[in-house]
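Contents: one structure, followed by commentary.
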Amino acid sequence: MIRQAPKAENLILFLKTPNEGLATVRCTKVVRNVNLEKLRHNYLFPEIEARELEHLNKYPDANIIRLGIGDTTEPIPDIITSNMAEYARGLSTRKGYKGYGAEQGNKDLRKAIAESFYKDLGVKDAEVFVSDGAQCDISRLQLLLGSSVSVAVQDPNFPAYMDTSVIIGQAGDFLDDTLKYKNIEYMTCGPQNNFFPDLSTTSRTDIIFFCSPNNPTGHAASREQLTQLVDFARKNGSIIVYDSAYSVYITDDSPRSIYEIPGSRECAIEISSFSKIAGFTGVRLGWTVVPDELYYANKVPVINDFDRIVCTCFNGASRIVQAGGLACLSPDGFKAVMAVVDYYMENAKILVDTFTSLGLVVYGGVNAPYVWVHFPGSRSWDMFSEILKKTHIITVPGSGFGPGGEGFIRVTAFGRREHILEASARLTSVHLL
């Protein structure tokens, strides 16, 4: 409970504490960012952590298996960490010490990214901006785009696209009846349309956020689907922000980059990350590609403004981490990280087979380390709670990714094999339906 003291020079609030006492808080006169007030819920993953803590308080001896947050679990290959350690040791020598680096990233790493992921796709070294991760780049791109642009997102979608759109001021109020924000175009991507939006009914927006392979559904868009998307964007004069963070998990002939599609250099920015490629979730390294053929309506190159944003807001990724990135992209380094990727995909197959054996319809797990499980007639948070209660396994409720995720849960394949096998045993030993 909050009570306000009248006629105070500065606002004074009396907060009622759990023990019924009153705590006095003296406030400033600064008004809170109104856009932050629009955020409907806590960010998804801290909410899951809070519910896990509540569960542990109730079941203190429970052996929790965490298949929720998509955090990598396997050690980074030694060939990569050794390179970072060597570089770090060099910083303690006169010859090896270096201070600030280029905000856009190490030239050798930018070249290696262009050659490793965009060979024969026309991506130039200078179009690659090295960063501290894709999620940070989403926020920098939002700062680049500003509050006046209109935005479309896949539904369901990775929460960072939506939350940053709200924070920057692109969204209207949250509507309780639809569970959607006003002024945001939600592109339904579910089993009913092969996880690709019906563009014939999609309104024109300035920006289209699109993730493939998709988090959370695990679907990798086909070449035909991405061709439709690029054609749609070019026709409408829109910019696609394409998230390819899981591209190395693709096992079929689905495109690994938007730049495989003709015309995409005129309408698309691509963001990606070493987090799920090399286990850099806690090391932090990513990149964004901004083609020099991408222009605003006033004929100003977008790359010029993004360079200014990067130079203003960022001092560059750690030199040590960038040394690790270079090691990842060496022939032996890439072979080592792909062996870990294969390990996670073997986990995914175990999970797909497990849920399928329970009579459930399962998507994903083929081109991405996420398994998207459908529980018809059930609410996502209810299934999250039931699975947690009966098996002590943490998952992610699909509705946390948008209204299109209701009735689903996401299960991550990032985990140690013994934990995946134990989770499989627990799940097959209980009744979930």
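Partners of Glu266 according to the salt bridge (charged side-chain N to carboxylate O under 4.0 Å, His left out) rule, which considers only residues two or more places apart in sequence or in another chain, are Arg234. Take Tyr242 and apply the ring-ring contact (aromatic ring centres under 6.0 Å, His included) test, not counting sequence neighbours, and it matches no residue. Annotation: side chain to side chain contact (heavy atoms under 4.5 Å, CB included) contacts of Ser357 (sequence neighbours excluded): Thr428. Partners of Glu346 by side chain to side chain donor-acceptor pair (under 3.5 Å), not counting sequence neighbours, listed by chain and number: Arg417. Under the side chain to side chain donor-acceptor pair (under 3.5 Å) criterion, Asp307 pairs with Gln104, not counting sequence neighbours. For Phe314, there are no ring-ring contact (aromatic ring centres under 6.0 Å, His included) partners at least two apart in sequence or on another chain. For the side chain to side chain contact (heavy atoms under 4.5 Å, CB included) test, residues two or more places apart in sequence or in another chain that qualify with Ser272 are Ser244, Trp287. Listed by chain and number, the residues in a side chain to side chain contact (heavy atoms under 4.5 Å, CB included) with Ser385 are Arg51 (sequence neighbours excluded).
Of the charged side-chain nitrogens involved, none lies within less than 4.0 Å of a carboxylate oxygen, so that Glu260 and Arg256 do not count as a salt-bridged pair. A salt bridge links Lys349 with Asp353: at least one charged nitrogen is closer than 4.0 Å to a carboxylate oxygen. Using a cut-off of 4.0 Å between Lys/Arg side-chain N and Asp/Glu carboxylate O, Asp137 and Arg140 are scored as salt-bridged.
Between Ile184 atom CD1 and Ser165 atom OG the span is 4.5 Å, to the nearest 0.5 Å. In this structure, Ser380 OG and His374 NE2 are separated by 8.5 Å, a value rounded to the nearest 0.5 Å. In this structure, NE2 on His219 lies 9.0 Å from CD on Gln154, to the nearest 0.5 angstrom. Separating the CD1 atom in Ile269 from the CD1 atom in Ile239 is a distance of 5.5 Å, to the nearest 0.5 Å. Here the CG atom belonging to Asp173 is positioned 10.5 Å from the CD atom belonging to Glu37, to the nearest 0.5 angstrom. From Gln170, atom CD reaches atom OG1 of Thr164 across 7.0 Å, with rounding to the nearest 0.5 Å.
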Discussion item. Applying side-chain contact (heavy atoms from CB on, under 4.5 Å) to Ile240 and Phe232, what does each step give before you reach the verdict?
Written reply: CA-CA 10 Å; Ile240 301 166; Phe232 179 77; over 6 Å; no
Practice prompt. For side-chain contact (heavy atoms from CB on, under 4.5 Å), just list the numbers for Val123 and Arg265, CA-CA rounded to whole Å, side-chain angles, deciding distance to a tenth of an Å, and then say yes or no.
Written response: CA-CA 9 Å; Val123 173; Arg265 285 179 54 82; 4.2 Å; yes
Worksheet item: Should Leu388 and Phe384 be marked as a side-chain contact (heavy atoms from CB on, under 4.5 Å) after you check the CA-CA gap, both sets of side-chain angles, and the distance that decides it?
Response: CA-CA 6 Å; Leu388 180 58; Phe384 168 89; 4.2 Å; yes
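Put simply, the side chain of Ile167 does not reach to within 4.5 Å of the side chain of Gln142, judged on heavy atoms. Contact of the Phe414 side chain with the Tyr370 side chain is registered, since non-hydrogen atoms from C-beta on lie closer than 4.5 Å. Residues Cys267 and Val230 are in side-chain contact: their nearest non-hydrogen atoms beyond the backbone lie under 4.5 Å apart. Under the 4.5 Å side-chain criterion, counting only non-hydrogen atoms from C-beta, Ser257 is not in contact with Phe117. By the 4.5 Å heavy-atom criterion applied to side chains, Cys313 and Leu143 are counted as neighbours. Side-chain contact between Thr217 and Pro156: present, with at least one pair of heavy atoms (C-beta onward) separated by less than 4.5 Å. Under the 4.5 Å side-chain criterion, counting only non-hydrogen atoms from C-beta, Ile387 is in contact with Phe375.
Here the closest heavy-atom approach between residue Val289 and residue Tyr259 is recorded as O-OH, 3.2 Å. For the residue pair Ala171 and Val166, the shortest heavy atom distance occurs at CB-CG2, 3.8 Å. Contact between Ala348 and Val371 at its shortest, heavy atoms only, is O-CG2, 4.0 Å. Closest approach of Gly279 to Thr72, counting heavy atoms only: CA-OG1, 3.6 Å. The shortest non-hydrogen separation linking Glu74 to Gly415 is OE2-O, 3.9 Å. The two atoms that bring Ile271 and Ile138 nearest to each other are CD1-CG1, 3.6 Å, heavy atoms only.
Taking the six-membered ring for Trp, Phe408 and Phe401 have ring centres at least 6.0 Å apart.
Ring orientation note: the planes of Tyr246 and Tyr249 are tilted relative to one another, at an angle of 30° to 60°.
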Table please: side-chain donor-acceptor pairs of residues 58-69 below 3.5 Å, with sequence neighbours left out.
{"from": "Arg66", "atom 1": "NE", "to": "Glu52", "atom 2": "OE2", "distance (Å)": "2.7"}
{"from": "Arg66", "atom 1": "NH2", "to": "Glu52", "atom 2": "OE2", "distance (Å)": "2.6"}

Could you go through residues 320-340 and list every donor-acceptor pair under 3.5 Å that involves a side-chain atom there, pairing it with any protein atom two or more places apart or in another chain?
{"from": "Gln322", "atom 1": "OE1", "to": "Asn106", "atom 2": "N", "distance (Å)": "2.7"}
{"from": "Gln322", "atom 1": "NE2", "to": "Ala317", "atom 2": "O", "distance (Å)": "3.0"}
{"from": "Ser330", "atom 1": "OG", "to": "Ala327", "atom 2": "O", "distance (Å)": "2.7"}
{"from": "Ser330", "atom 1": "OG", "to": "Gly333", "atom 2": "N", "distance (Å)": "3.0"}

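Between Thr188 and Asp155, the side chains place no donor N or O within less than 3.5 Å of an acceptor N or O (distance only, hydrogens not considered). With hydrogens and angles left out, the side-chain atoms of Tyr118 and Glu270 include a donor and acceptor closer than 3.5 Å.
Considering Val241, Asn236, Leu229 in turn, Leu229 is the only one that fulfils the side chain to side chain contact (heavy atoms under 4.5 Å, CB included) rule with Ile208.
Using a distance-only test at 3.5 Å, with no hydrogens or angles considered, a donor-acceptor pair links the side chain of Arg426 to the main chain of Thr391. Although no hydrogens or angles enter the test, the distance criterion places no donor-acceptor pair under 3.5 Å between the side chain of Lys182 and the main chain of Leu175. For Thr354 (side chain) and Ile350 (main-chain N/O), a donor-acceptor pair under 3.5 Å exists by modelled atom type. The backbone N or O of Gly133 lies less than 3.5 Å from a partner atom in the side chain of Ser131, making a donor-acceptor pair. The closest donor-acceptor contact from the side chain of Asn193 to the backbone of Gly190 lies under 3.5 Å.
More than 12 heavy-atom neighbours from other residues, nucleotides or ligands sit within 6.0 angstrom of CD on Gln192. When the shell of 6.0 Å around NZ of Lys124 is examined, it contains more than 12 heavy atoms from other residues, nucleotides or ligands. Within 6.0 Å of the CZ atom in Arg223, the count of heavy atoms belonging to other residues, nucleotides or ligands exceeds 12. The local environment of CZ in Arg204 is crowded, with over 12 non-hydrogen atoms from other residues, nucleotides or ligands closer than 6.0 Å.
A ring pair (Phe, Tyr, Trp, His ring centres under 6.0 Å) check over residues 136-162, counting only residues at least two apart or in different chains, returns the pairs Phe158-Tyr161, Tyr161-Phe209. For residues 292-312, the set of pairs meeting the ring pair (Phe, Tyr, Trp, His ring centres under 6.0 Å) definition, not counting sequence neighbours, comprises Phe129-Phe306.
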